[in-house]
Amino acid sequence: MSQHTDFGLIIRRKELEFTEEEGCLVSRPVGPHVGAEYVSVDIVRIPHGASWKPDLYTVEEVTAIVFDGRGSAHIGGESTEVRKGSTAYAPAGHTVTFTADCDAEAEADEMTVYFWRAPLPQGRPKGSAPTLFNTVYDESAAIRRFAGTGEIAPVGDERRAFMNFPHWPGNGCAYLCINSGMAGPGNTFNIHGHPGAEDALFALDGRGQFFLGDTWLDMDPGDGVYARSGVLHGTRNPEGPDAADLFVSVGGPVPYDAALYRAAGLSPEVV
């Protein structure tokens, strides 16, 4: 079960409750049932050879990140092989199918995918040729030396983590996005808030910490937080003998925050 706080939710992967749906195991830690206004998160464990293709995803905008295992992803008429760290973006109106590799010798006995989804508000601009598949490690669009939003003093330039934008308005995302934070030992992605936007972020790789509201929380891979609209949050990889070589965090405000792209010197306009 998720832990409710005044600022949102603390989500522990080991405590998630799953139900069987269409041959897969599904947990829904974030959504209207916990007071989320804009975003829902589905965590889906797909057995070898099985597929996840919910009808609901065709009427919502969807982003996805593979957390474990490997297989294939199909968005509309396009497809690609996926593994841990692979990302996908499905514009509203596109079918979404993820199929786990049927090889019993694969590195995991199932494929685990985290999905963010939201209805596309009426009149919202749509991308002309969106990037459907990518990886959290794509640095072609990114923000470096982010100073936060002023509520809490930032760490020095040399200790600032950076964040990649694998799916963002510049490559066709209309409402959702995927941001991937990269923090080496001792690095912090400075504390910030998104007025008018919620954020659901999760630890993908390495052990680190998330800030939520007023405190730092230890995070293992698969753990996460849901920050209500405007709530302060951030990530860091505390220095020490047990520090991860790289702490990777993933998520993104919903609706996307134009100020974050402007801070990176990028246009927030949907193309």
Side-chain angles (χ1 to χ4, degrees), residues 7-8 36-39 61-63 65 87-89 91-92 116 118-132 134-184 187-202 204 210-213 225-236 247-271:
F7 307 108
E37 297 181 68
Y38 307 116
V39 66
E61 193 175 39
V62 177
T63 56
I65 301 174
T87 64
Y89 166 72
W116 289 250
L120 182 65
Q122 188 172 5
R124 189 89 177 188
K126 298 180 180 180
S128 58
T131 297
L132 303 183
N134 207 340
T135 169
V136 298
Y137 302 105
D138 178 15
E139 299 182 14
S140 59
I143 184 169
R144 300 175 185 276
R145 294 182 168 82
F146 179 59
T149 47
E151 295 87 353
I152 295 177
V155 299
D157 278 3
E158 73 285 352
R159 296 182 55 212
R160 294 182 187 177
F162 66 93
M163 179 176 285
N164 298 327
F165 302 142
H167 297 278
W168 66 294
N171 62 14
C173 290
Y175 190 63
L176 299 181
C177 62
I178 290 180
N179 302 335
S180 50
M182 304 287 161
N187 288 172
T188 296
F189 194 79
N190 278 307
I191 293 167
H192 59 286
H194 305 290
E198 305 168 327
D199 207 339
L201 50 152
F202 294 85
L204 174 66
F210 286 171
F211 186 88
L212 181 66
V225 298
Y226 159 71
R228 300 193 189 283
S229 179
V231 167
L232 296 180
H233 54 282
T235 66
R236 72 181 181 186
F247 177 51
V248 181
S249 55
V250 294
V254 182
Y256 71 74
D257 188 349
L260 194 61
Y261 304 116
R262 294 192 183 103
L266 301 169
S267 170
E269 299 302 316
V270 178
V271 298

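Everything quoted here is computed from the prediction, not taken from an experiment.
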Set of side chain to side chain donor-acceptor pair (under 3.5 Å) partners for [X], sequence neighbours left out:
{"X": "Thr149", "result": "Glu151"}
{"X": "Asn134", "result": "Asp138"}
{"X": "Arg159", "result": "none"}
{"X": "Thr188", "result": "none"}

Inter- and intrachain pairs under salt bridge (charged side-chain N to carboxylate O under 4.0 Å, His left out), touching residues 172-181, at least two apart = none
For Phe146, ring-ring contact (aromatic ring centres under 6.0 Å, His included) partners two or more places apart = Phe189, His192
By side chain to side chain contact (heavy atoms under 4.5 Å, CB included) - contacts of [X] (at least two apart):
{"X": "Pro255", "answer": "Tyr38, Arg124, Tyr175, Ala197"}
{"X": "Cys177", "answer": "Asn179, Pro253, Tyr256, Tyr261"}
{"X": "Ala92", "answer": "Leu120"}
{"X": "Ala258", "answer": "Arg262, Pro268"}

Output yes when a side-chain donor or acceptor of [X] lies under 3.5 Å from a complementary backbone atom of [Y], and no otherwise.
{"X": "Asp199", "Y": "Gly252", "answer": "yes"}
{"X": "Asn164", "Y": "Pro166", "answer": "no"}
{"X": "Ser229", "Y": "Gly196", "answer": "yes"}

Go through Asn187 and Arg236 one step at a time and tell me if the side-chain contact (heavy atoms from CB on, under 4.5 Å) criterion holds.
-> CA-CA 6 Å; Asn187 288 172; Arg236 72 181 181 186; over 6 Å; no
Could you tell me the separation between the [atom1] atom of [X] and the [atom2] atom of [Y], rounded to the nearest 0.5 Å?
{"X": "Ser180", "Y": "Leu201", "atom1": "OG", "atom2": "CG", "answer": "12.0 Å"}
{"X": "Ile65", "Y": "Phe202", "atom1": "CD1", "atom2": "CZ", "answer": "9.5 Å"}
{"X": "Leu212", "Y": "Thr235", "atom1": "CG", "atom2": "OG1", "answer": "13.0 Å"}
{"X": "Arg145", "Y": "Phe162", "atom1": "CZ", "atom2": "CZ", "answer": "11.0 Å"}
{"X": "Trp168", "Y": "Leu260", "atom1": "CH2", "atom2": "CG", "answer": "10.5 Å"}

Which atoms form the tightest heavy-atom contact between [X] and [Y], and what is the distance?
{"X": "Pro91", "Y": "Leu132", "answer": "CD-CD2, 3.9 Å"}
{"X": "Ala118", "Y": "Leu176", "answer": "CB-CD2, 3.9 Å"}
{"X": "His194", "Y": "Asp257", "answer": "ND1-OD2, 2.7 Å"}
{"X": "Glu198", "Y": "Glu37", "answer": "OE2-N, 2.5 Å"}
{"X": "Leu266", "Y": "Ala141", "answer": "CD1-CB, 4.3 Å"}
{"X": "Ala227", "Y": "His233", "answer": "CB-ND1, 4.0 Å"}

For side-chain contact (heavy atoms from CB on, under 4.5 Å), just list the numbers for Thr63 and Thr87, CA-CA rounded to whole Å, side-chain angles, deciding distance to a tenth of an Å, and then say yes or no.
-> CA-CA 7 Å; Thr63 56; Thr87 64; over 6 Å; no
Got a sec, which residues hit salt bridge (charged side-chain N to carboxylate O under 4.0 Å, His left out) with Arg228, two or more places apart in sequence or on another chain?
->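 So Arg228 forms no salt bridge (charged side-chain N to carboxylate O under 4.0 Å, His left out) with any residue.
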Residues in salt bridge (charged side-chain N to carboxylate O under 4.0 Å, His left out) contact with Arg144, at least two apart in sequence or another chain | Glu139
Flag side-chain contact, heavy atom, 4.5 Å: Asn171 against Phe165 | no
Evaluate the side-chain contact (heavy atoms from CB on, under 4.5 Å) criterion for residues Tyr89 and Ile178: first the C-alpha distance (whole Å), next the side-chain angles of each, then the deciding distance (0.1 Å), finally the verdict.
-> CA-CA 9 Å; Tyr89 166 72; Ile178 290 180; over 6 Å; no
Do Val155 and Arg160 pass the side-chain contact (heavy atoms from CB on, under 4.5 Å) test, and can you show the C-alpha distance, the side-chain angles, and the key distance before you say yes or no?
-> CA-CA 7 Å; Val155 299; Arg160 294 182 187 177; 3.8 Å; yes
